[in-house]
Amino acid sequence: MTTHAAPSRMLLLPALAFFGLFALAPMLIVVALSFFSWDGLAAPQWAGLANWSRFVHDSVTHQAIWLSVKVMLLSWLLQTPTSLLLGVFLAGRQRYRAVLGAVYILPLLLSAAAIAITWKYLLDPNFGLLNAVAGLPGLSVLHQNWLGDGNLALYVVIFVIGWQFIPFHTLLYQAAARQVPQSLYEAAAIDGAGRWRQLVSITLPQLRYTTVTSSTLVLVGSLTYFDLVFVMTNGGPGNETRILPLDMYVNGFASYQMGYASAIAVVLVLFGVSLSLLLVKLSGFTKMQSQMEGV
Amino acid sequence: MVRPMTRRSFIAGAASAAALAATACGTSGPSRPGASGGPLIWAVQGGASSIYQDSVQRFNQSHPGQSLEVQLFQNDPYKQKLRLAMGAGTPPDVFYGWGGGVLNSYITSGNVRDLSQDLRSDPALATKFFPNVMQSVTFDGKTYGVPIRGVQPVVLFYNKELFEQHGVQPPKTWQDLLAAVGTFKSAGLTPIALGGASRWTYLMWEEYLVDRVGGPEAFRDVLARKSGAWSHPAIIQANTMIQQLVDGGAFGDGFSSVNYDTGQQTALLYTGKAPMELMGSWDFSSIVKANPSFIKSGKLGWTTFPAVPGGAGDPNDVVGNSSNFFSVAQKSRHQDVAVDYLKHTVMDDAYINGLIKVGDVPPVQGIEQKLARADNANYLQFIYTLTQTAPNFQLSWDQALPPEQAEAVLTNLEQLFLKKITPEQFSTAMNGTLR
């Protein structure tokens with residue numbers, strides 16, 4: 001057997017240059033900027049640790065961190081079980097499931113801005129559809145100020161984020177569930193396992209790695225999520241949905257405090273990177289191997 | 001407070017972190033040229049787009065060899081684009097603006113040409129514009145801009161039909177307003193339409209009440225960054241009155257998620273769900289577009305903001321957007337051409353006629369005759385006189401303040417309307433931004 005020479009390392013160059021120029025370099029500049037005070041007009045002024053000490057004391061930012069963590073965890077709790085069950089359901093090859101699948105996956109085709117504007121209209125307290133439906137008997141519970149009530153708005157936002165992303169994760173689970181060998185189910189059936197038993201003992205363990213991948217995407221994705229919240233509530237009412245990326249945007253591009261916004265950006269990057277590293281480590285991603293024929 | 005169509009802020013800037021960094025690498029050089037190498041004008045598109053373009057064409061025709069060029073942008077992206085261009089040292093020769101704090105930040109960073117001499121040297125120009133409007137572009141006695149659009153004072157719009165039905169007169173005083181709110185509320189209406197989700201809509205109430213209660217001085221102290229200026233008794237009283245309105249159900253329950261930018265606040269007025277709204281004069285043209293029959297049938301009424309008895313402010317004072325302005329970049333290599341255009345072509349007769357035709361009321365002295373001949377003359381004359389005779393025209397605070405404080409006042413005012421903070425807490429929080 002002959003071994004082939006590895007491809008020239010020069011082939012890495014374009015990708016590396018691109019990554020360096022558009023990912024690494026801006027990140028390094030942002031780290032540097034977090035030690036300056038800069039309004040985008042005059043030359044940046046050295047500020048020492050001022051931005052960082054503000055970060056430690058700024059209650060709005062602290063609330064933003066807490067909200068981001070909440071969005072992250074609740075999104076995971078909402079999206080993972082829902083898309084897992086939908087995915088397994090759609091993995092079946094019956095025709096009606098294919099039809100339903102096409103319907104479920106529709107939100108994937110829409111842009112975040114379009115979704116946000118549509119939901120904003122649906123939930124409008126005076127002219128919205130939900131408000132009209134709430135006039136019917138027995139549905140008065142729907143008469144809420146969905147996006148204007150500080151106790152509700154965050155959960156509505158998490159729901160809409162879920163509505164947008166569940167289709168994507170459903171697709172992941174569907175593909176994975178279809179890869180589970182039929183023979184496992186046949187063997188289980190012979191052993192007298194019912195549907196529930198098959199789901200718990202075969203499907204779920206076989207989907208383990210898909211669950212890890214999908215969960216990482218949900219957690220890191222919702223940590224840095226911005227556009228839908230920006231368009232739908234812009235952080236309101238008050239600061240009730242001002243998640244960390246939005247807090248960074250407002251400080252940077254509404255207040256023009258680029259230094260402080262950079263400090264928040266650094267925290268976001270560190271948080272995101274360590275989160276995904278941690279998930280990879282905990283889930284044994286490096287030890288992953290095919291477990292097709294049962295393990 | 002900026003004009004409605006242009007206020008939409010859809011996907012203004014998702015690429016935050018990368019953009020933060022990218023803007024840091026600006027280079028300095030001369031201003032950027034137009035496509036033909038001639039002077040370049042940046043403006044925000046809207047109802048007056050064609051007027052800018054016509055004026056540039058007329059200028060180029062009467063000045064052979066000159067090739068002024070105008071480029072139009074959407075409102076919110078424009079603000080950031082201009083700021084980046086200024087920061088990077090490549091501004092256009094002439095730029096569009098709102099006056100106030102943002103313009104001042106460009107002036108203090110040495111980016112704007114002082115137009116005082118250019119305007120003063122020409123007797124026809126020295127007294128042409130309303131002085132209270134020119135306040136917005138005057139800093140330390142120097143003038144940095146020329147008005148290019150109509151005035152946009154905030155007025156109280158109301159539904160005449162609903163007022164008649166419930167036997168209510170347009171409120172002249174604060175007590176009248178409270179009484180009207182009570183009457184309409186018990187009739188099951190939302191007394192006042194308020195698009196709280198847009199946030200700057202809150203500011204109109206604050207600005208008027210502070211001026212009526214304490215006169216212009218209270219806010220002037222804030223602008224001068226006097227320590228503790230936000231604790232002025234007038235500001236505390238105005239905020240107490242605001243919470244009084246909220247408690248009285250004046251804005252209904254859902255105001256925090258009603259949006260002005262997507263038309264819901266105005267819709268509440270013309271669909272008869274709310275008999276009153278406080279809004280900039282531009283809302284008249286929004287209603288003309290959305291529901292012309294509401295105006296044709298004479299249902300739309302308008303009046304000045306009620307007086308506050310015992311208050312120090314003059315009841316003829318107005319607040320709002322004074323106008324939009326063109327300014328000349330200090331870096332421009334075509335300053336003479338640009339100044340010539342601003343002095344002689346902007347706000348010439350043809351320009352003024354064009355503005356009046358699209359429903360604008362130019363802040364120019366002696367155009368009563370022109371306005372009397374226009375469509376909806378009643379309304380235009382009301383706005384003209386209101387502005388011309390106002391002892392003080394307070395520029396919207398979010399324009400007057402530096403960006404950092406403007407953002408803080410919007411956030412804290414929202415908390416105040418939602419009753420998350422007291423008037424005293426509002427003052428304490430805002431005093432923190434003065435340091």
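Keep in mind that the numbers below use all heavy atoms, side chains included, and drop hydrogens, waters and symmetry copies. Chain A is the first sequence line, chain B the second, and so forth, proteins listed ahead of strands; every chain is numbered from 1.
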field: Contacts of type side-chain contact (heavy atoms from CB on, under 4.5 Å), residue Phe168(A), not counting sequence neighbours
entry: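 By the side-chain contact (heavy atoms from CB on, under 4.5 Å) rule, Phe168(A) matches Leu108(A), Leu172(A), Leu217(A).
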field: residues 264-271 of chain B: residues contacting chain A (heavy atom under 4.5 Å, by number)
entry: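 Within residues 264-271 of chain B, the residues under 4.5 Å from chain A are Gln264(B), Ala267(B), Leu268(B), Thr271(B).
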Quick check: does any side chain N or O of [X] sit under 3.5 Å from a backbone N or O of [Y], one acting as donor and the other as acceptor?
X         : Y         : result
Glu240(A) : Leu152(A) : no
Gln164(A) : Ile161(A) : no
Asn251(A) : Asp247(A) : yes

task: Please lay out, stage by stage, how Leu418(B) and Ser256(B) fare under the test side-chain contact (heavy atoms from CB on, under 4.5 Å).
output: CA-CA 8 Å; Leu418(B) 296 175; Ser256(B) 57; 3.6 Å; yes
- request: Applying side chain to side chain donor-acceptor pair (under 3.5 Å) between Ser257(B) and each of Asp124(A), Asn145(A), Asn126(A), report the one that passes.
  value: Asn145(A)
field: Contact leader toward chain A among Arg83(B), Lys273(B), Arg199(B), Glu407(B), where contacts are heavy-atom pairs under 4.5 Å
entry: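 Max contact count across the listed options: Arg83(B).
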task: Pull out the residues in residues 57-72 of chain A that come under 4.5 Å of chain B, heavy atom to heavy atom, sorted by number.
output: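 Contacts with chain B: none.
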statement: Checking heavy-atom separations under 4.5 Å from chain B, one finds in residues 40-48 of chain A Gly40(A), Leu41(A)
- prompt: Looking only at heavy atoms, what is the nearest atom pair of Asn321(B) and Ser396(B), with distance?
  reply: OD1-OG, 2.7 Å
task: Look at the aromatic rings of Tyr225(A) and Phe165(A) and report parallel, tilted or perpendicular, splitting at 30° and 60°.
output: perpendicular
query: Any idea how Tyr78(B) and Trp98(B) line up, ring-wise: parallel (<30°), tilted (30 to 60°), or perpendicular (>60°)?
result: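 Rings of Tyr78(B) and Trp98(B): tilted, 30 to 60°.
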field: Over 12 foreign heavy atoms within 6.0 Å of CH2, Trp163(A)
entry: yes
field: chain A contact via Tyr106(B) - side chain, backbone, both or neither, heavy atoms under 4.5 Å
entry: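 Looking at Tyr106(B), backbone and side chain both touch chain A.
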message: At a 4.5 Å cut-off on heavy atoms, which part of Glu414(B) comes close to chain A: side chain, backbone, both, or neither?
response: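 Contact with chain A: side chain only.
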message: Working note: Leu74(A) + Tyr155(A), criterion side-chain contact (heavy atoms from CB on, under 4.5 Å); need CA distance, chi angles, decisive distance, verdict.
response: CA-CA 9 Å; Leu74(A) 292 177; Tyr155(A) 303 104; 3.7 Å; yes
- prompt: Roughly how far apart are Phe55(A) CZ and Asn51(A) CG, rounded to 0.5 Å?
  reply: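 Between Phe55(A) CZ and Asn51(A) CG, I get 11.0 Å after rounding to 0.5 Å.
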message: I'd like to know which of Ala254(A), Gly235(A), Gly236(A) tops the heavy-atom pair count under 4.5 Å against chain B.
response: Ala254(A)
message: With side-chain contact (heavy atoms from CB on, under 4.5 Å) as the criterion, how do Gln415(B) and Asn239(A) come out once you've worked through the C-alpha distance, each side chain's angles and the decisive distance to 0.1 Å?
response: CA-CA 8 Å; Gln415(B) 306 275 29; Asn239(A) 291 327; 3.5 Å; yes
task: Test Gln405(B) against Leu434(B) for side-chain contact (heavy atoms from CB on, under 4.5 Å), laying out the working first.
output: CA-CA 8 Å; Gln405(B) 288 183 52; Leu434(B) 292 171; 3.9 Å; yes
